Amino acid sequence: MTPPARSPDSRGPDIVVVAVSARALAAAACRVGRRPAAIDLFADDDTRQLAAPCLRLPSRGLRLDEDALMEALERPELRGLPLVYGAGFEDDPRRLERIAETRPILGNGATQVAWVKDPFAFADALGRLGIPHPEAARALPGPPERYLLKRVGGSGGGHVAAVPPATRPGAEASRGWYFQRRVGGHAVSVLALGDGERAVVVGLSRQWAAPTPEQPFRYGGAAGPMRATHRLGGLLSDMTVRLCAAFGLVGLVSADFLVAGDTVHLLEVNPRPGATLDVFDRAPLPPLFGLHVDACAGRLPESLPAPWRCRAALVHYAARPVTVGRGFPWPAWTADRPAGPARIEAGAPVCTVRADGASVGSARRQAEQRQRRLAAQLETQAMEVPA
């Protein structure tokens, strides 16, 4: 499961990938034969093996620094190269407008991203489409225990919090935040390819949280392909295809739902490649990076095969501060490996852990077993490394 390393090439990069963590995009680009440069917040060891140059931006709460990003894109070897982006642009889509002044963006533009990430414009559009969606409001509509507090443009679940119990109905959310009604169910994500008018579903995945008291909905991981009933799979696929057409979305996008029996609620749309690249970018599917680029140019496949085994990919977070020593023996089933020596603070992501299985459940269980082994290995290593 180790991603293909990039072969040395004197011609330099032919595309730029940018995200909070760009490793999955870089690996996907290499799988289709591209020569990526990568810009992200980590410059992990395996990202450096896949991309050249691999540039690390200063991190402000896992947010991309716009000025540092634009400075990095002005490097001579990156000027004018097409760009594919992942997570990190939802909070300020205007950055995409600035980037588009100097290079092609292979993905959704600022207008599409702003539309699907504006909670009120998004909810209005879903109402017209007849797609169930939890109520969103600027002022708390009812008892605080029935609502969540969300940051506009957030991603990864870390921006979602419980409403403080003392909050009174009618209280206004702070600027850049809003209230959303709580709904129950398990999380299901649909990965799709859009060409601005049509869409093809790549696959469904189950997702789960890695909660903390401060971040009860922090993203934990995903496993797929999920084998849904014919009715549920058809319903989720139909909603996602209609969403892509209504918002004019192109390339790889994902729609996140909560499913409880026959009840389905759409939570959000992520209009760019995301975490499930690690789940779906493998045989017998064609390389997803190539499909993304083709879809952005208006070329969609009629249908896509489904992988015959399931894969899980979860984020391993540091339960307490941990130091990764130089030369730490990362297992082959890890990705996003920090280049040691590195100190990782409590609550920060350490790496991604992957595993395969006959079902979504067995793949997740295997990944969680590996996660526990890795945590123990990191603890042992920490005791052996001098302070």
Side-chain angles (χ1 to χ4, degrees), residues 20 59-64 87-94 113-189 206-222 239 243 254-261 263-271 274-275 315 317-320 345-349:
V20 170
S59 174
R60 296 182 302 161
L62 294 182
R63 294 189 180 187
L64 300 173
F89 290 86
E90 294 88 347
D91 60 330
D92 188 1
R94 292 173 299 177
V113 177
W115 192 5
V116 300
K117 288 304 176 182
D118 180 323
F120 307 107
F122 185 59
D124 288 345
L126 295 182
R128 293 191 295 271
L129 291 170
I131 294 176
H133 177 66
E135 172 192 9
R138 294 181 176 86
L140 183 61
E145 65 271 15
R146 296 183 183 177
Y147 292 85
L148 296 170
L149 189 60
K150 291 190 170 185
R151 191 181 77 243
V152 176
S155 62
H159 65 295
V160 184
V163 179
T167 308
R168 294 184 177 181
E172 294 277 340
S174 300
R175 181 185 176 94
W177 293 78
Y178 67 101
F179 299 102
Q180 187 179 75
R181 181 169 54 87
R182 285 181 180 262
V183 295
H186 57 265
V188 177
S189 183
R206 282 290 302 270
Q207 301 199 351
W208 60 90
T212 68
E214 297 78 22
Q215 297 180 312
F217 300 97
R218 181 179 65 172
Y219 177 78
M239 287 183 180
L243 283 166
S254 59
D256 294 343
F257 297 88
L258 280 178
V259 178
T263 303
V264 171
H265 288 91
L266 175 71
L267 292 183
E268 64 179 356
V269 170
N270 292 309
V315 181
Y317 296 95
R320 59 186 61 85
E345 298 302 324

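Below, each value reflects all heavy atoms present in this structure, side chains not excepted, and no hydrogens, waters or symmetry copies. The structure displayed is predicted, hence computed values, not measured ones.
Among residue pairs with one or both ends in residues 167-180, none qualify as salt bridge (charged side-chain N to carboxylate O under 4.0 Å, His left out); sequence neighbours excluded. Within the structure, ring-ring contact (aromatic ring centres under 6.0 Å, His included) pairs that include any residue of residues 128-156 comprise Phe122-His133 (at least two apart or interchain).
Pro211 meets the side-chain contact (heavy atoms from CB on, under 4.5 Å) test with Ala209; sequence neighbours excluded. In this structure, Glu214 has no side-chain hydrogen bond (donor to acceptor under 3.5 Å, both in side chains) partners at least two apart in sequence or on a different chain. For Arg320, the side-chain hydrogen bond (donor to acceptor under 3.5 Å, both in side chains) partners are Glu379, not counting sequence neighbours. Scanning for salt bridge (charged side-chain N to carboxylate O under 4.0 Å, His left out) contacts around Asp124 gives an empty result, with sequence neighbours left out. Listed by chain and number, the residues in a side-chain contact (heavy atoms from CB on, under 4.5 Å) with Ala210 are Arg218, Tyr317 (sequence neighbours excluded). Among residues two or more places apart in sequence or in another chain, the side-chain contact (heavy atoms from CB on, under 4.5 Å) test is passed with Arg63 by Asp91, Arg151. Partners of Ala255 by side-chain contact (heavy atoms from CB on, under 4.5 Å), not counting sequence neighbours, listed by chain and number: Thr240, Leu243, Phe257, Leu266, Val269. Listed by chain and number, the residues in a salt bridge (charged side-chain N to carboxylate O under 4.0 Å, His left out) with Arg94 are Asp92 (sequence neighbours excluded). In this structure Glu345 satisfies the salt bridge (charged side-chain N to carboxylate O under 4.0 Å, His left out) test together with Arg343, sequence neighbours excluded.
The two residues Pro165 and Pro144 make their nearest non-hydrogen contact at O-CG, 3.5 Å. Nearest heavy atoms, Pro143 versus Pro169: N-CG, 4.3 Å.
At least one side-chain heavy atom of Met239 sits less than 4.5 Å from a side-chain heavy atom of Pro132.
One distance of note links CG of Asn270 with CG of Asp256; it measures 5.5 Å at 0.5 Å rounding.
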Pairs under 3.5 angstrom only: tabulate donor-acceptor contacts from the side chains of residues 176-188 to other protein residues two or more places apart or in another chain.
residue : atom : partner : partner atom : Å
Gln180  : OE1  : Lys150  : NZ           : 2.6
Arg182  : NE   : Glu145  : O            : 3.2
His186  : ND1  : Val259  : O            : 3.2

